[in-house]
Engineer: 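Pasting a structure here, questions to come.
We count residues from 1, following the sequence as given. When a ligand or atom number is given, it counts from 1 through the structure's own listing order.
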Amino acid sequence: MLRHLCQCRARSLQPRRLFHDVRVYKEDRRWPGWQVVVGIETHAQIKARRKLFSESLTSDPGEIPNTHVTLFDAAFPGTLPTLNQKCVDLALRAAVALECNIQARSSFDRKHYFYSDLPSGYQITQQYAPIALSGKLNISRPGSPTFPVRIKQIQLEQDTAKSTFNPRTRTSYIDLNRAGTGLMEIVSEPDLRSPEEAGAYVRTLQAVLRAVGSSDGNMEQGSLRCDVNVSVNRVGRPPGTRCEIKNLNSVRFMMAAIIHEISRQRTILESAPNPDTATVPQETRGFDEHRFETYRLRSKEDAPDYRYMPDPNLGVLVLNQDRILKIRETLPELPWDTRKRLSDEYGLSQRDVDVLLAVDSGREVKYDGEIGDADAGAVAYFDRLCAGRATPGSSSPERRDPKVVVNWMTHELLGQLAARKESFADNHLSVEQMGQLIDLVQNKTITGTSGKILLRQMLANPSRTPTEQVAQELQLIALSQRSSSPSSPSASASISTTTDDASSELRALCGDAIVALPDEVAAVRKGNKNVLNKIVGHVMKDSRGRADAKAVRALLEELILKQQ
Ligand SMILES: Nc1ncnc2c1ncn2[C@@H]1O[C@H](COP(=O)(O)OP(=O)(O)OP(=O)(O)O)[C@@H](O)[C@H]1O
Ligand SMILES: [Mg+2]
Ligand SMILES: [Mg+2]
C-alpha cells in the first residue's frame, strides 16, 4: 500500500508533459548544458470590415482619432454587444488551417481590469470555452528538419483602444478607433526551443493568416502582436518557471527579447547558492527597444485578479458542421502545400521556393486604383508565366521552362524592383509583358543583356505596350547573322525587317572592328586565336549589349579567316 502511494506521489511529481518527446535535445553552443523553452501567445487582428460586437467600421492606424466609434465601443451604459458572424468565419478559417478542433459550443467571458484604454473596465474574451482547441502548425526552416508546434487554443476577444501620452503637456490621449476590433489570441504550447525557432513560428503563422485572409498580420502596424513566454532548465531537468514578455511588435525584437531573457534567467540560476532548488521568479516583463533588454513590469504576486465571469449579454456561440465544412471548402492553397507543389511540379530549388513564398508571406496588397497581375502574389504570377503563351493554331498554350521563369523572376524582376526600392506589389508589368520579355530572350530576338535593359526601362516607364514593340523602339533587337523567329505573329513582319537590318548592322560592326584592330587581325590570321577575344570584345562594346558573343565570334572568324 505504502509502495503504491509512493509510486502515485512520484508520478504526480513528474513534470506535466510540456515537451515534445519526438524531438531530440540538441545542444546550442550559445548556452551549453541549458535547454530553452518558448511558448507564444499571438494576438492577430481579424481582417473584418466591422468590429467584433458593434456595427462600427474597423480602422487603419493613421485615421482621424475617434471617428470609428459606436456607443457600445465607448461603453455607454445600456448598450449591448451583437456578435459579428464575419469575424467568427474569419477566425474559423485560421482555426481550420491550423488543424484545430473547432468547438461546437463556445462562450464569452469578461476579463476585468482598470486602464484608460479599456472604456468598459473589462475586455470580452473566451477564457473558459474558446472557439478552437488542439491544433498544429508545422515549421520548416532552411537546413533543419520540419517540426510541429502544437496550438493550445484560439480565442476570440476585443482589442483595446489606443492611448498616447504627451510628456511635455503631461496629457494622455485616448483614441477609441481600435476599441472593440476583433482579435484572435492564438496560444502555442511550449514547443519552441530557440529564438530562431520562435521567429520561424511567427513568420509561418503570419503567412498562414495572410493566405487564408484572416488577418493582415502586419507587425509594424500592430495588427499582429506577440507575448512570448521563456524559461530555461538544465538538460534533463523539468522545465523552468516562465517569464512572459508582453507586446512585441517585430520578429527581430521578439528574438532579441528571448536572447536577453535566456541570459538573464541563466545568471539568476547560476548564481544561486543552491542550484538544485533555485528558480527564476515568475514575472511579466516588457522589452526596451533601445537597450535590447527586458525589464520587469510585475511579479506573480502583484498579478492582477481579473475576476473572470461569463458575459451575461452574450449567449453560447453554436457552430454546426455545415458551416465548418463550407469554410474548409473555400480555403485557398496553404503555404506548405504551395511549397510542395512548387518543388514537385516545377522542380524548383528550395531557395527559389523560399524566395517566392517569402514575397507572398510579406505581401501587402496595395490598392492604387488598378488591380495588376502582381496583386495576386508572386506564386500566382509565376504559375501564370509558366502556363505559357497562346500559340496560333494550337489549343493548348506553349509552357515556359519553370527554371528560366524563376530565374527571371527572382534575379531580375525582384532584383530590379529592390534596386528601385519597390516591392513585388509595385510591379506593374503584366504577366503577358513579362512572358514576352522572357520569350524574346529565349528565342534570341534580344540578348540576355538587352533583356535586363528592357526590363529596367519597362519598370521605369509603365505602359501597356507589348514588349516586342518596346524592344524595337529602344533598338534592342539582337544583332544576329540569321533572322530570328518572331515571338508573335502580329510583330512578325516588323521584326523580320528589323532582324535583316540587325544582321547587316552586325556585319558593319565586325567590319569596323577589323579595320580598327589591324595588328590583332594579323595575329589571328597567323593562328593566334586567343587574340580573337579582343576583337569580339570590341564588337560587343560597340553593340551596347545587343550582340550575341557566339554569333560575333563566328562572323569574325568568317570575315577574318575565310576571306584571307
Ligand atoms: N515552462 C514554460 N516555458 C515557456 N513557456 C511556457 C512554459 N509553460 C507554459 N508556457 C507558455 O505560456 C503560454 C501561456 O499562455 P496562456 O494564454 O495559456 O496563459 P497566461 O499567459 O497565463 O494568460 P494571459 O492570456 O492572461 O496572458 C503558452 O504559450 C505556453 O505555451
Ligand atoms: Mg494568453
Ligand atoms: Mg500570457
Side-chain angles (χ1 to χ4, degrees), residues 14-20 23 25 31 34-44 98 100 108-113 115 118 122-137 139 147-160 183-195 197-198 201-202 205 224-235 237-248 254-255 257-262 264-266 268-269 279-287 294 297-309:
Q14 298 276 315
R16 203 160 64 80
R17 236 188 108 226
L18 284 168
F19 293 91
H20 241 291
R23 295 181 64 200
Y25 165 75
W31 30 83
W34 291 94
Q35 171 151 266
V36 171
V37 176
V38 177
I40 301 179
E41 296 159 77
T42 309
H43 300 266
L98 294 172
C100 290
F108 294 92
D109 310 293
R110 293 180 176 182
K111 175 181 181 176
H112 298 85
Y113 62 89
Y115 198 71
L118 191 69
Y122 61 84
Q123 175 196 32
I124 304 179
T125 179
Q126 293 194 299
Q127 172 71 6
Y128 299 118
I131 188 166
L133 294 168
S134 319
K136 186 184 81 179
L137 180 60
I139 311 296
F147 65 95
V149 172
R150 291 167 299 158
I151 304 294
K152 186 176 163 196
Q153 67 185 55
I154 301 182
Q155 64 205 48
L156 286 169
E157 54 191 40
Q158 295 171 298
D159 208 343
T160 55
L183 286 182
M184 296 172 270
E185 179 174 332
I186 303 167
V187 186
S188 89
E189 292 286 3
D191 290 346
L192 299 153
R193 295 288 173 270
S194 69
E197 286 189 4
Y201 166 79
V202 173
L205 184 58
L224 192 100
R225 313 185 292 267
C226 292
D227 298 344
V228 59
N229 297 268
V230 184
S231 71
V232 299
N233 61 274
R234 288 181 203 270
V235 178
R237 304 294 303 274
T241 311
R242 70 177 163 117
C243 283
E244 176 171 351
I245 308 135
K246 286 272 184 201
N247 251 328
L248 294 155
M254 183 190 72
M255 288 169 60
I258 297 173
I259 290 174
H260 179 257
E261 201 46 31
I262 294 168
R264 188 187 72 83
Q265 294 187 14
R266 265 180 67 195
I268 295 175
L269 296 174
T279 52
V280 169
Q282 188 170 346
E283 284 174 352
T284 300
R285 301 179 66 85
F287 180 68
T294 66
L297 287 172
R298 57 179 179 263
S299 71
K300 197 184 172 198
E301 286 75 51
D302 0 289
D305 172 6
Y306 292 122
R307 291 175 292 123
Y308 284 104
M309 57 172 268

Engineer: More than 12 foreign heavy atoms under 6.0 Å from OH of Y113: is that the case here?
Structural biologist: yes
Engineer: Relative to atom 19 (O) of ligand 1, which among E244, R242, Q282, K111 owns the nearest non-hydrogen atom?
Structural biologist: R242
Engineer: Please tell me whether T241 and Q282 have a donor and an acceptor in their side chains that are separated by less than 3.5 angstrom.
Structural biologist: no
Engineer: For P190 and ligand 1, does the shortest N/O to N/O distance drop below 3.5 Å?
Structural biologist: yes
Engineer: Within rounding of 10°, what is the angle whose vertex is the Mg ion (ligand 3) and whose arms end at OE1 of E41 and OE1 of E244?
Structural biologist: 160°
Engineer: Indicate the atoms forming the closest heavy-atom contact of Q123 with L118, along with that distance.
Structural biologist: N-CD2, 3.9 Å
Engineer: Any N/O/S atom of D227 sitting less than 2.8 Å from the Mg ion (ligand 2), backbone or side chain?
Structural biologist: no
Engineer: Just jot down the ligand 1 atoms closer than 4.0 angstrom to any heavy atom of E185, in number order.
Structural biologist: 17 (O), 25 (O)
Engineer: Counting N and O atoms only, with roles assigned by atom type, does the side chain of D109 sit under 3.5 Å from a partner on the main chain of Y128, one being a donor and the other an acceptor?
Structural biologist: yes
Engineer: Tell me, which N, O or S atom in E185 is closest to the Mg ion (ligand 2)?
Structural biologist: OE2
Engineer: Would Y306 count as being in polar contact with ligand 1, using the rule that some N or O on each side must be under 3.5 angstrom apart?
Structural biologist: no
Engineer: Using a 4.0 Å cut-off to any heavy atom of I40, which atoms of ligand 1 qualify?
Structural biologist: 29 (O)
Engineer: Could you tell me the separation between the CZ atom of R285 and the CZ atom of R264, rounded to the nearest 0.5 Å?
Structural biologist: 3.5 Å
Engineer: Which of the numbered atoms in ligand 1 are below 4.0 angstrom from a heavy atom of G240?
Structural biologist: 1 (N)
Engineer: Going by the atom numbers of ligand 1, which of them fall below 4.0 Å from some non-hydrogen atom of S188?
Structural biologist: 28 (C), 29 (O), 30 (C), 31 (O)
Engineer: Of all the heavy atoms in K246, does at least one lie under 4.0 Å from an atom in ligand 1?
Structural biologist: yes
Engineer: Please identify which atoms of ligand 1 are closer than 4.0 Å to at least one heavy atom of V37.
Structural biologist: 3 (N), 4 (C)
Engineer: Distance alone, cut at 3.5 Å: any donor-acceptor contact between the side chains of S299 and E301?
Structural biologist: yes
Engineer: In this structure, does ligand 1 have an atom that sits under 4.0 Å from one of the heavy atoms of Q153?
Structural biologist: no
Engineer: Starting at CD1 of I151, measure out to CG of L205 and round the result to the nearest 0.5 Å.
Structural biologist: 6.5 Å
Engineer: State plainly whether the residues R225 and D159 are in salt-bridge range, i.e. N to O under 4.0 Å.
Structural biologist: yes
Engineer: At what distance, to the nearest 0.5 angstrom, does CD of Q126 lie from CD of E185?
Structural biologist: 10.5 Å
Engineer: Below the 3.5 angstrom mark, is there an N/O of D227, backbone or side chain, next to an N/O of ligand 1?
Structural biologist: no
Engineer: Give the numbers and elements of all ligand 1 atoms closer than 4.0 Å to a heavy atom of S231.
Structural biologist: 1 (N), 2 (C), 3 (N), 4 (C)
Engineer: Between N233 and P239, which heavy-atom pair has the shortest distance, and what is it?
Structural biologist: OD1-CA, 3.8 Å
Engineer: Answer with side chain, backbone, both or neither: which part of N229 has a heavy atom less than 4.0 angstrom from an atom of ligand 1?
Structural biologist: both
